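Chain identifiers are assigned alphabetically (A, B, ...) following the order of the sequence lines, protein sequences preceding nucleic acid strands; residue numbering begins at 1 within each chain. Keep in mind that the numbers below use all heavy atoms, side chains included, and drop hydrogens, waters and symmetry copies. Every value quoted in this text rests on a predicted model; they were computed, and no experiment measured them.
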Amino acid sequence: MTRRDATKADADLLLDLYVARREDRLRQARDWYIHEFHARTMDDFERLCPRGSEANDFFCMVVSYWDMAASMVRAGLIEQTLFFKNNRELLFVWERGREVMMGLREAYRDPLAWHNLEAVADAYVAWLNEEAPGAYEEWKQAIHAVRREPEQRA
Amino acid sequence: MHDATATYDDAKLIMRLYELRLEPRMREARRWFVAHCRLASLDDFARLCPIGSRENQSFRMVLTYWDMVATLITAGVLDRHLFFESGRELLLVWERLRDVMAQRQASNDPMFKDLEIVGEAYASWMKARSPEAYEAFRARIR
């Protein structure tokens, strides 16, 4: 991932990604992931997202969307600083799901699973540490508190 | 004729951003923000937009949308003067959030920094052209 000036093509791709994640079902999945997906172990994951469940669909939709976006960043097709400034959600998805994705990699014997997401999340952390030392650690603590209040649950 | 640097591509990008604002859920979020989102403190925010609520979702939609627009301006991808001619809603959002953001920024996290940069530049641009108009706008929307 090399650094360069952003262009109008980067802006176009940024907006294309923005439009794609507004689709109703993906919006629902992202909202679920942010507020309901709290799994640290494979047991947690199997309880929360059993195969064939809506929760499992939501998990797959969210991580595959962000892995796709990450593949574009890694390929240099979208300028990374512009992407990072607009897509903290990618880092959120990786931080929240890291243990589960690692566990699934092992279960699937597929080290390539979500490797773009991991690489871009690592680059994001490096960028954040360079831009604002300490901000990443602070943010990481804060995101664990993001949990829907019982009265807000459907 | 105020700006000779904007291009056809800037106009196209402004139109694309405009179209994104028309999506029904985004319209709902923007309408809610303009009508109801007046925050003096982080406590107000927690009361008005609890985690998981529709208001919280609307707030995040509005804030991240306008911050995204701001990043295009700070990156030099979108001509700021052409944008300022028609993007007053960004200034409204920034004016409404300025105080709360200042309370939040004990942290040096750069999140929403671009909205601040462009919001302040917009306020300066408007003040330079008509200080009375800026003050009247500010008083009306706060």
Side-chain angles (χ1 to χ4, degrees), chain A residues 4-19 21-24 27-28 30-32 34-36 78-89 91-92 124 127-143 145-154, chain B residues 6-27 29 46-47 49-58 60-61 63-79 83 104-118:
Chain A
R4 58 175 172 78
D5 289 340
T7 65
K8 289 208 162 45
D10 292 306
D12 268 342
L13 195 45
L14 186 79
L15 298 185
D16 286 340
L17 288 167
Y18 179 87
V19 168
R21 63 177 179 269
R22 297 203 305 184
E23 184 267 341
D24 283 347
R27 249 186 188 153
Q28 206 182 340
R30 290 167 55 225
D31 186 66
W32 169 86
I34 291 169
H35 298 103
E36 313 282 347
I78 181 162
E79 194 273 321
Q80 75 166 33
T81 302
L82 187 66
F83 181 85
F84 290 161
K85 283 181 169 183
N86 285 289
N87 292 289
R88 182 73 65 95
E89 190 175 330
L91 187 56
F92 181 98
Y124 200 136
W127 173 79
L128 200 49
N129 284 335
E130 194 181 310
E131 287 284 307
Y136 166 65
E137 290 303 329
E138 203 175 278
W139 174 82
K140 201 174 160 187
Q141 297 297 318
I143 64 163
V146 179
R147 197 181 274 270
R148 205 188 300 277
E149 296 300 324
E151 65 270 21
Q152 301 289 352
R153 291 193 181 136
Chain B
T7 65
Y8 176 76
D9 282 343
D10 290 306
K12 292 288 284 179
L13 191 46
I14 283 177
M15 290 308 300
R16 184 126 199 247
L17 291 167
Y18 179 87
E19 282 163 17
L20 295 179
R21 296 199 288 278
L22 304 181
E23 186 260 346
R25 179 68 185 97
M26 183 61 162
R27 269 198 163 134
R47 256 193 308 276
C49 309
I51 290 173
S53 65
R54 195 155 181 90
E55 290 81 5
N56 184 284
Q57 192 181 46
S58 294
R60 287 184 286 114
M61 285 173 72
L63 183 58
T64 56
Y65 172 83
W66 288 109
D67 187 56
M68 175 177 73
V69 174
T71 65
L72 300 180
I73 294 170
T74 57
V77 173
L78 175 58
D79 181 86
F83 174 79
R104 167 191 164 271
Q105 279 163 2
S107 154
N108 64 348
D109 193 324
M111 205 188 263
F112 310 124
K113 189 74 189 161
D114 295 88
L115 179 61
E116 177 181 353
I117 293 167
V118 175

Which portion of A:N129 sits near chain B, non-hydrogen atoms under 4.5 angstrom: neither
Sidechain N-carboxylate O distance under 4.0 Å for A:K85, B:D67: no
Nearest heavy atoms of B:R16 and A:V19, plus distance in Å: NH2-CG2, 4.2 Å
Contacting moiety of A:D12, where chain B heavy atoms sit under 4.5 Å: both
Charged N-O contact under 4.0 Å between B:R54 and A:D31: no
Residues forming a ring pair (Phe, Tyr, Trp, His ring centres under 6.0 Å) with A:W127, sequence neighbours excluded: A:F84, A:Y124
Check: A:E131 and B:K113 side chains under 4.5 Å, non-hydrogen atoms: no
Under 4.5 Å from a heavy atom of chain A, the part of B:L20 involved: both
Side-chain ion pair, B:D109 and A:R88, N-O less than 4.0 Å: yes
Contact class of A:Y136 relative to chain B, heavy atoms under 4.5 angstrom: neither
Qualifying residues under side-chain contact (heavy atoms from CB on, under 4.5 Å), relative to B:A29, sequence neighbours excluded: B:R25, B:S58, B:M61, B:V62
side-chain contact (heavy atoms from CB on, under 4.5 Å) evaluation trace for A:L82 with B:L72: CA-CA 8 Å; A:L82 187 66; B:L72 300 180; 4.1 Å; yes
Residue B:D114 versus chain A: region with a heavy atom under 4.5 Å: side chain
